[in-house]
Engineer: 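Sharing a structure, written as structure tokens. Questions coming.
Scope of the values below: all heavy atoms of this structure, side chains included, with no hydrogens, waters or symmetry mates.
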Amino acid sequence: FYQCFMYTIHSLIPQKEMRFMEQVFKYVDRMSTRYIDELARLCSMRSVKGDENGLGNARRMIKEKLDGMGFSPEEYGKADEASIVFGRRTIDKKKLVLFYNHYDIVPEGNENAWIAPPFTLTERGERLYARGVSDNKGALMARLQAIEAILAVKGSLPAGVAFLFDGDEETGSITLSRMVEEEAETVRKITDADLCLWENGRTLPDGSPEAAFGVRSTLTVTLKVKSSNGEEHGRMGAELPNAAWRLVWALATLKDINENILIDGFYDDVAHPTQADIDVLQNYPYDENGMLKRKEISEFLLGLSGLELKKKIFLQPSLNINGIESGEPWKGFRHIIPNEASARFSVILVPYQKADDILLKIRKHLEANGFADIEVNADAEGFPIRTPVDTPWRDVLSRAAANVYEKPLTPSITQLGSGPAYLLRTVRPELPIICSCGVAALDSGHHSARENVTIQNYINGIKFTIATLFEAGK
């Protein structure tokens with residue numbers, strides 16, 4: 001009798017929660033116009049570095065939302081900084097999900113390149129265009145609205161929820177970095193969670209929602225050469241050192257024509273993939289033909305395709321020259337011997353590489369190859385993070401996605417962009433961090449004049465967040 005009774009109770013509870021969830025979904029549908037209007041208000045705020053009015057308005061709007069939902073928001077930051085905003089609501093004996101987002105955005109760039117004013121949310125067809133609508137205000141607002149909808153219908157949360165909003169993610173998360181250094185215990189309390197849903201998530205071209213189980217880190221290095229005390233006429237090229245040539249020769253020692261990075265010890269700490277990683281890669285729907293067509297090329301580097309291409313993309317580090325400058329070519333042809341040259345390159349790190357270690361190896365490499373005179377500058381902070389792809393949280397997200405999308409959840413090894421997730425892992429190494437429950441797509445155009453989300457992805461992002469919290473509450 002007891003076994004039958006307990007079986008009945010356990011059967012009824014999920015069904016009751018399911019009914020609540022369905023009611024919340026219907027509420028979201030009814031409120032969709034208001035939700036988009038609210039998103040438009042946040043997107044109207046020019047919250048870029050240096051715009052204290054735009055950053056302040058965005059921060060106040062977020063705090064008002066949190067306060068209205070009982071999160072008692074707090075701030076950390078100096079008067080001239082874009083403060084960190086955080087708040088939490090715990091539920092006794094329930095899991096707690098932490099959401100990380102950022103309210104700062106990149107500048108709008110050339111306004112003439114936009115189809116509409118960048119800070120006016122504009123609907124064209126099924127898409128919403130504005131600076132920040134995808135990166136990262138759309139996901140930020142969708143997550144807040146998901147909580148608001150649950151509370152409006154159910155009156156309580158199915159799981160604990162915490163928010164951490166960064167105000168200068170696009171410029172290095174300086175405030176959060178200092179907070180980790182100066183107020184580590186406070187950050188440990190903020191990040192006392194069972195799961196962190198990072199920044200954003202996206203829908204793939206086949207319609208499936210993605211969950212990325214890592215966040216990369218990038219080391220950006222600037223090399224500077226000064227070969228003499230001034231430029232000279234080109235006729236002096238047989239006798240005077242040329243800064244541009246010296247820089248090119250130095251860069252050529254870093255990587256060979258077969259894409260092998262030649263820095264001693266560079267690959268020492270690269271993690272070996274697990275069988276679960278390989279299984280995820282084999283099933284990941286990377287659109288090779290679409291990418292080749294979009295870039296108008298006939299093949300990928302080294303002629304790779306299939307599983308080997310996906311291994312290269314998701315598991316291997318890369319070193320990329322971002323730009324080279326010498327001789328002021330924008331002034332037209334100048335028949336000179338340049339005495340100064342500079343280059344910037346980025347190193348995309350993978351677990352378990354660390355920026356400070358790789359920078360030290362770069363310095364040693366240049367010295368060993370006779371380029372000790374070259375000035376090396378870099379901000380060597382950070383490291384990439386990974387969460388095992390076979391974590392139980394993957395099942396939670398899969399069940400949640402099944403309530404919203406026609407296609408099942410697609411796991412991926414890591415998001416390809418970088419972010420400050422390492423700061424959270426610095427104080428809480430065991431915290432699972434997954435990029436999911438977002439509103440973006442492959443064609444959302446982050447940082448571009450075509451930045452957008454589809455209306456359907458935005459509404460689904462709200463519902464996916466709702467479903468995830470109900471699943472977490474089980």
Side-chain angles (χ1 to χ4, degrees), residues 109-110 113 115 127 134-135 202-210 212-214 216-221 223 244-245 247-263 266-267 270-273 277-326 329-330 343-350 353 384 389 407 410-418 435 440-452 454 457:
N110 180 9
I115 64 170
R127 293 179 184 268
S134 180
D135 185 18
R202 64 182 185 178
T203 302
L204 298 176
D206 67 354
S208 64
E210 182 183 42
F213 290 78
R216 285 183 165 181
S217 186
T218 301
L219 169 64
T220 301
V221 181
L223 302 183
W245 270 118
L247 180 63
V248 168
W249 291 329
L251 290 170
T253 70
L254 299 176
K255 190 167 77 168
D256 68 19
I257 198 169
N258 292 314
E259 296 295 315
N260 297 305
I261 297 169
L262 305 176
I263 300 164
F266 181 84
Y267 294 100
V270 174
H272 296 288
D277 293 335
I278 298 301
D279 292 342
V280 164
L281 287 177
Q282 286 178 326
N283 293 314
Y284 188 78
Y286 184 71
D287 184 10
E288 293 185 28
N289 291 332
M291 179 60 76
L292 293 172
K293 183 178 180 180
R294 183 162 71 87
K295 299 310 299 177
E296 298 180 359
I297 56 177
S298 59
E299 64 177 11
F300 295 103
L301 285 172
L302 307 178
L304 295 177
S305 64
L307 179 60
E308 293 307 309
L309 174 63
K310 289 185 279 190
K311 284 181 179 179
K312 187 74 170 175
I313 293 170
F314 288 98
L315 298 175
Q316 289 294 308
S318 63
L319 189 155
N320 315 295
I321 296 176
N322 309 126
I324 302 174
E325 182 179 318
S326 186
W330 56 88
R344 176 170 290 186
F345 65 87
S346 57
V347 184
I348 308 300
L349 305 173
V350 299
Q353 293 178 309
V389 294
K407 297 289 186 69
T410 295
S412 69
I413 299 293
T414 182
Q415 73 168 28
L416 299 182
S418 300
C435 311
L442 285 176
D443 59 355
S444 285
H446 287 7
H447 295 194
S448 77
R450 64 179 190 281
E451 185 171 358
N452 73 90
T454 68
N457 277 354

Engineer: In Å, rounded to the nearest 0.5 Å, how long is the span from CZ of Arg344 to CG of Leu223?
Structural biologist: 10.5 Å
Engineer: Ignoring hydrogens, what is the shortest heavy-atom contact between Glu451 and Asp135? Give both atom names and the distance.
Structural biologist: OE2-N, 2.8 Å
Engineer: Tell me the closest heavy-atom pair linking Val280 and Pro411, and the distance in Å.
Structural biologist: CG1-O, 3.4 Å
Engineer: To check you understand the geometry: which heavy-atom pair defines the closest contact between Asn320 and Ser318, and what is its length?
Structural biologist: ND2-OG, 3.3 Å
Engineer: Nearest 0.5 Å, please: how far is CD1 in Ile324 from CZ in Phe345?
Structural biologist: 11.0 Å
Engineer: Heavy-atom distance under 4.5 Å between the side chains of Thr454 and Thr203, does that happen here?
Structural biologist: no
Engineer: List the residues meeting side chain to side chain contact (heavy atoms under 4.5 Å, CB included) with Ala212, not counting sequence neighbours, and say none if there are none.
Structural biologist: Ser412, Gln415, Cys435
Engineer: Side chains of Thr410 and Pro285: does their closest heavy-atom pair fall under 4.5 Å?
Structural biologist: yes
Engineer: Step by step, would you call Ile413 with Val389 a side chain to side chain contact (heavy atoms under 4.5 Å, CB included)?
Structural biologist: CA-CA 7 Å; Ile413 299 293; Val389 294; 4.2 Å; yes
Engineer: Which atoms form the tightest heavy-atom contact between Thr218 and Ser346, and what is the distance?
Structural biologist: CG2-CB, 3.8 Å
Engineer: Could you measure the distance from the CG atom of Leu204 to the CG atom of Asp287? Nearest 0.5 Å is fine.
Structural biologist: 10.0 Å
Engineer: Where is the tightest heavy-atom contact between Glu288 and Gly306, given as atom of each residue plus distance?
Structural biologist: OE2-N, 2.7 Å
Engineer: Say you draw a straight line from CG of Leu281 to NZ of Lys312; how long is it, rounded to the nearest 0.5 Å?
Structural biologist: 14.0 Å
Engineer: For the backbone of Asn258 and the side chain of Asp256, can you confirm whether one donor and one acceptor N or O come within less than 3.5 Å of each other?
Structural biologist: yes
Engineer: Is it true that Lys255 and Glu259 have a side-chain N and a carboxylate O under 4.0 angstrom from each other?
Structural biologist: yes
Engineer: Heavy-atom distance under 4.5 Å between the side chains of Pro317 and Gln353, does that happen here?
Structural biologist: yes
Engineer: Sequence neighbours left out, cut at 3.5 Å: what donor-acceptor pairs do the side chains of residues 293-304 make with other protein atoms?
Structural biologist:
none

Engineer: Does Lys310 use its side chain to pair, donor to acceptor, with the backbone of Tyr286 at less than 3.5 Å?
Structural biologist: no
Engineer: Could you walk me through whether Leu254 and Ile261 pass side chain to side chain contact (heavy atoms under 4.5 Å, CB included), step by step?
Structural biologist: CA-CA 6 Å; Leu254 299 176; Ile261 297 169; 5.8 Å; no
Engineer: Show, in sequence, the C-alpha distance, side-chain angles and deciding distance for Gln316 and Val350, and conclude whether the side chain to side chain contact (heavy atoms under 4.5 Å, CB included) test is met.
Structural biologist: CA-CA 7 Å; Gln316 289 294 308; Val350 299; 5.8 Å; no
Engineer: Please name the pair of heavy atoms, one in Asn452 and one in Asp443, separated by the smallest distance, quoted to 0.1 Å.
Structural biologist: ND2-O, 3.1 Å
Engineer: Find the distance between OG1 (Thr220) and CD1 (Ile348) and round it off to the nearest 0.5 Å.
Structural biologist: 7.5 Å
Engineer: Which value, rounded to the nearest 0.5 Å, describes the distance between Leu416 atom CG and Arg216 atom CZ?
Structural biologist: 5.0 Å
